[in-house]
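In what follows, a structure is listed as structure tokens, so that the remarks can point back to it.
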Amino acid sequence: MVSGEAPQAAGSVRVDAWIWAVRLTKTRSQAAAACRAGHVRVNGERAKPAQALRTGDEVRLRHAGRDRIVVVSKIVKKRVGPPVAAECFVDNSPPPPPREMAIQVPVRDRGAGRPTKRDRREMERLQGPQGPHGRGQDPD
């Protein structure tokens with residue numbers, strides 16, 4: 001066994017600890033917070049941070065604006081390096097959206113001040129009929 005690698009042949013581990021150990025979140029507290037907020041599902045059921053996780057379980061995680069769907073292939077209790085972490089699960093996640101699809105926020109020059117009425121109308125025209133807040137146009 002390589003130093004830093006802690007796989008188990010059988011058994012279980014806490015969901016929050018495993019999510020952190022295989023580097024799906026940066027910290028264990030982020031993993032636990034995601035579980036408490038209902039952003040983690042194990043085999044379709046909402047998971048609490050201390051829920052036991054076994055090999056073959058499907059974990060769905062909503063983190064950083066992205067859905068991750070992984071199947072547990074190896075149980076680890078301690079954080080492992082990226083190459084080892086990649087072996088611990090099978091990633092069935094949809095690919096991330098391209099950068100062009102991300103919401104583009106209009107940027108004004110620094111020091112340009114508040115937009116004029118003309119500037120505001122131009123921005124609204126570019127953003128479409130729904131505008132930035134999902135509101136429709138006033139019926140006149």
Side-chain angles (χ1 to χ4, degrees):
M1 188 181 302
V2 180
S3 176
E5 184 180 348
Q8 282 182 257
S12 62
V13 67
R14 289 175 57 115
V15 173
D16 62 342
W18 186 84
I19 289 172
W20 166 74
V22 297
R23 298 175 172 264
L24 293 176
T25 60
K26 284 187 176 184
T27 65
R28 183 165 172 189
S29 62
Q30 282 181 345
C35 290
R36 283 191 300 273
H39 299 298
V40 178
R41 293 186 174 273
V42 176
N43 298 325
E45 300 288 325
R46 262 180 86 165
K48 292 184 178 179
Q51 181 174 335
L53 191 67
R54 291 175 174 69
T55 305
D57 286 347
E58 180 189 67
V59 178
R60 290 176 177 261
L61 169 69
R62 175 111 178 122
H63 180 68
R66 184 172 175 215
D67 287 324
R68 300 291 305 265
I69 303 168
V70 296
V71 177
V72 180
S73 59
K74 192 186 293 183
I75 297 291
V76 290
K77 287 190 175 182
K78 293 188 178 182
R79 192 159 170 99
V80 293
V84 178
E87 297 171 2
C88 294
F89 61 87
V90 178
D91 196 357
N92 296 330
S93 305
R99 286 187 170 223
E100 296 83 38
M101 296 295 293
I103 298 173
Q104 295 178 351
V105 178
V107 178
R108 290 185 49 81
D109 294 331
R110 189 167 175 88
R114 204 171 151 178
T116 63
K117 192 173 200 177
R118 182 179 180 183
D119 293 339
R120 183 181 51 80
R121 286 184 176 159
E122 233 174 79
M123 286 189 288
E124 286 175 356
R125 184 179 53 80
L126 291 172
Q127 291 171 347
Q130 292 299 314
H133 302 292
R135 290 179 263 187
Q137 303 245 340
D138 291 350
D140 284 326

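Since this is a predicted model, take the numbers as computed values, not measurements.
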Checklist line | Candidate pair Val13 and Val76, rule side chain to side chain contact (heavy atoms under 4.5 Å, CB included), full reasoning | finding: CA-CA 7 Å; Val13 67; Val76 290; over 6 Å; no
Taken in chain and number order and not counting sequence neighbours, the residues that satisfy side-chain contact (heavy atoms from CB on, under 4.5 Å) with Asp91 are Arg68, Val70, Phe89, Ser93
Let me check something: any side-chain donor-acceptor pairs from residues 17-29 under 3.5 Å, sequence neighbours excluded? List them with distances.
unit_1 : atom_1 : unit_2 : atom_2 : d
Trp18  : NE1    : Lys74  : O      : 3.2
Arg23  : NE     : Val80  : O      : 2.7
Arg23  : NH2    : Val80  : O      : 3.4
Thr25  : OG1    : Thr27  : O      : 3.1
Thr27  : OG1    : Ser29  : OG     : 3.2
Thr27  : OG1    : Gln30  : N      : 3.1

In this structure, CE of Met123 is separated from CZ of Arg118 (nearest 0.5 Å) by 13.0 Å
- prompt: Do Ser73 and Glu87 have side-chain heavy atoms sitting under 4.5 Å apart?
  reply: no
Shortest non-hydrogen pair, Asp16 vs Ala31, comes out as O-CB, 3.4 Å
Identify all side-chain donor-acceptor contacts of residues 57-67 below 3.5 Å with residues at least two apart in sequence or on another chain.
unit_1 : atom_1 : unit_2 : atom_2 : d
Asp57  : OD1    : Asn43  : ND2    : 3.1
Asp57  : OD2    : Arg54  : N      : 2.9
Glu58  : OE1    : Arg60  : NE     : 3.4
Arg62  : NH1    : Asp67  : OD1    : 3.3

Rounded to the nearest 0.5 Å, the OG atom of Ser12 sits from the NZ atom of Lys77 at a distance of 7.0 Å
